[in-house]
**Student:** 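Mind looking over this structure? Questions follow.
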Amino acid sequence: MAITVLYFAWVRERIGLPRETVETEATSVAELVAELRAREERYAVAFTDISALRVALDQELSDFDAGLEGVREVAFFPPMTGG
Amino acid sequence: MAITVLYFAWVRERIGLPRETVETEATSVAELVAELRAREERYAVAFTDISALRVALDQELSDFDAGLEGVREVAFFPPMTGG
Amino acid sequence: MRIVVQEAPFDFGAEAQAFASGHTDMGAIVTFTGVVRDIAGDRLERMVIEHYPGMTQKALEGIAEEALSRWNLGDVLVIHRYGDLRPGDMIMMVATAAPHRKDAFEAAEYLMDYLKSRAPFWKQEFTSDGGQWVASKDEDEDALGRW
Amino acid sequence: MRIVVQEAPFDFGAEAQAFASGHTDMGAIVTFTGVVRDIAGDRLERMVIEHYPGMTQKALEGIAEEALSRWNLGDVLVIHRYGDLRPGDMIMMVATAAPHRKDAFEAAEYLMDYLKSRAPFWKQEFTSDGGQWVASKDEDEDALGRW
């Protein structure tokens, strides 16, 4: 399936692009992360420490154990610093 | 000695005046209250329940046990309701 | 620190803007505004606030100075009206400026708690039946126990 | 409830005045304003706020709805900017209207705590040395434990 993957803040900078379409059979966020890490060094670097990252599925905060069934948009970013 | 005595809110209404000068030898607020209560029914009514009243000495919140030495202005009023 | 006790209305928006604009070295600005509630069908026609002129300014300054000493604050503003007010009128406002939001919030709540029970104001509500002094609430006295 | 996410500056005084004037059936109005601190001698030249357009509005609405369900509130306003900001600029504001001050204060603090750590904004500070992403603070995550 094709999933839109978005990156924000320093995750975007390390990976070097704000969004991409990923063809994947991953069934969970963790599996998708493993696939991305295996791709290239810049992905491995961005995803070195998962505990420093947050993930949103279809624009709702979620977690790395969550499944991807029916999900069309996955976003990875550091902890938010609004306000 | 001559002390200026002020009344606010329903204390003022019950006693029927906002301020008066009182000649007294009272050495504490409690003694002054006893003198005032003995004067007339309207004072006795206003000072029926001391726990429902507050007192300020020279414009600082105080209490009914406080002494009156050097005090020039005593104010009696119900609990405040500002804000 | 600015403490204003006045009969006239105040311009909340202009005061809030001026206070915030005057403290751009502070990251957090909190304001609180008290309003005479204007509720459809309510019997309240007006409110009269009595105060103790010689004491009010001093009492408010004392409360504001205590807040400035307890929290990391850049500034404090207190405006409180007295006299005749109508439903919908603003009674008072406080504002606090601090480097961090926790200090700004706590100091504003502290100011409000003390202003409610320790500043010499008394509210009287008028309906077509006449005037009724607003009773102090136990919860307002209890609120001081937090600090 | 009004939630605004915009790049342009907002007029704090006018927003505060309009919010308060629009809720005269509420006795208590609280506002919080966040400012890019403008400190003499500080090396900060500008701040850039990135956000997640598709998610931001929804996330803020969710936080505001939760506040409306937890406290006795008449209304909530949230305005948050993104893009380029300079020292002294206002970043965001929240406002709450409630019958009683405790609800207005608590709800405003709740909104701020959640907005800090659960709304998709990321701050980057620029000095003459370049940009530095602002790190989230443990205390901001801990603050959520209060609610």
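Below, chains carry the letters A, B, ... as their sequence lines are ordered, and counting in each starts from 1. Just so we're clear, the structure is a prediction, and the values are computed from it rather than from any experiment.
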**Student:** Counting heavy-atom pairs under 4.5 Å to chain A, which of D:Tyr82, D:Phe32, D:Phe121 comes out on top?
**Tutor:** D:Phe121
**Student:** D:Ile49 versus chain A, heavy atoms under 4.5 Å apart: side chain, backbone, both or neither?
**Tutor:** neither
**Student:** Is the shortest side-chain heavy-atom distance between A:Leu6 and D:Tyr52 below 4.5 Å?
**Tutor:** yes
**Student:** Between the main-chain N or O of A:Gly83 and the side-chain N or O of D:His80, is there a donor-acceptor pair closer than 3.5 Å?
**Tutor:** yes
**Student:** Sort A:Ala9 into side chain, backbone, both or neither according to what part of it lies under 4.5 angstrom from a heavy atom of chain D.
**Tutor:** both
**Student:** Looking at side-chain heavy atoms only, is the closest gap between D:Trp133 and A:Pro78 below 4.5 Å?
**Tutor:** no
**Student:** Quick one: CZ on A:Phe8 to CH2 on D:Trp122, what's the gap to the nearest 0.5 Å?
**Tutor:** 5.0 Å
**Student:** Looking at A:Arg19, I want to see if its CZ is surrounded by more than 12 non-hydrogen atoms of other residues, nucleotides or ligands under 6.0 Å.
**Tutor:** no
**Student:** Could you give me the CA-CA distance, side-chain angles and deciding distance for D:Glu50 and A:Arg12, then say whether salt bridge (Lys or Arg N to Asp or Glu O under 4.0 Å) is met?
**Tutor:** CA-CA 11 Å; D:Glu50 183 170 332; A:Arg12 172 178 55 69; 2.5 Å; yes
**Student:** How many angstroms lie between atom CZ of A:Arg54 and atom OG of D:Ser117, to the nearest 0.5 angstrom?
**Tutor:** 9.0 Å
**Student:** What closest approach, in Å, do D:Val134 and A:Thr81 show between heavy atoms, and which atom pair accounts for it?
**Tutor:** O-CG2, 3.4 Å
**Student:** Can you tell me which portion of D:Ala119 sits under 4.5 Å from chain A's heavy atoms? Options are side chain, backbone, both or neither.
**Tutor:** backbone
**Student:** With a 4.5 angstrom heavy-atom cut-off, is it the side chain or the backbone of D:Arg81 that approaches chain A, or both, or neither?
**Tutor:** neither
**Student:** Is the count of non-hydrogen atoms from other residues, nucleotides or ligands lying under 6.0 Å from D:Glu61 atom CD greater than 12?
**Tutor:** yes
**Student:** Should the heavy atoms of other residues, nucleotides or ligands under 6.0 Å from CZ of A:Arg72 be counted, would the total exceed 12?
**Tutor:** no
**Student:** So, the side chain of D:Lys116 versus the backbone of A:Met80: is there a donor-acceptor pair under 3.5 Å, distance only?
**Tutor:** no
**Student:** Around A:Asp49, counting heavy atoms of other residues, nucleotides and ligands shown, do more than 12 lie under 6.0 Å from its CG?
**Tutor:** yes
**Student:** Shortest non-hydrogen contact from D:Lys58 to A:Asp58?
**Tutor:** NZ-O, 3.8 Å
**Student:** Taking atom types as modelled and ignoring hydrogens, do the side chains of D:Gln124 and A:Trp10 form a donor-acceptor contact shorter than 3.5 angstrom?
**Tutor:** no
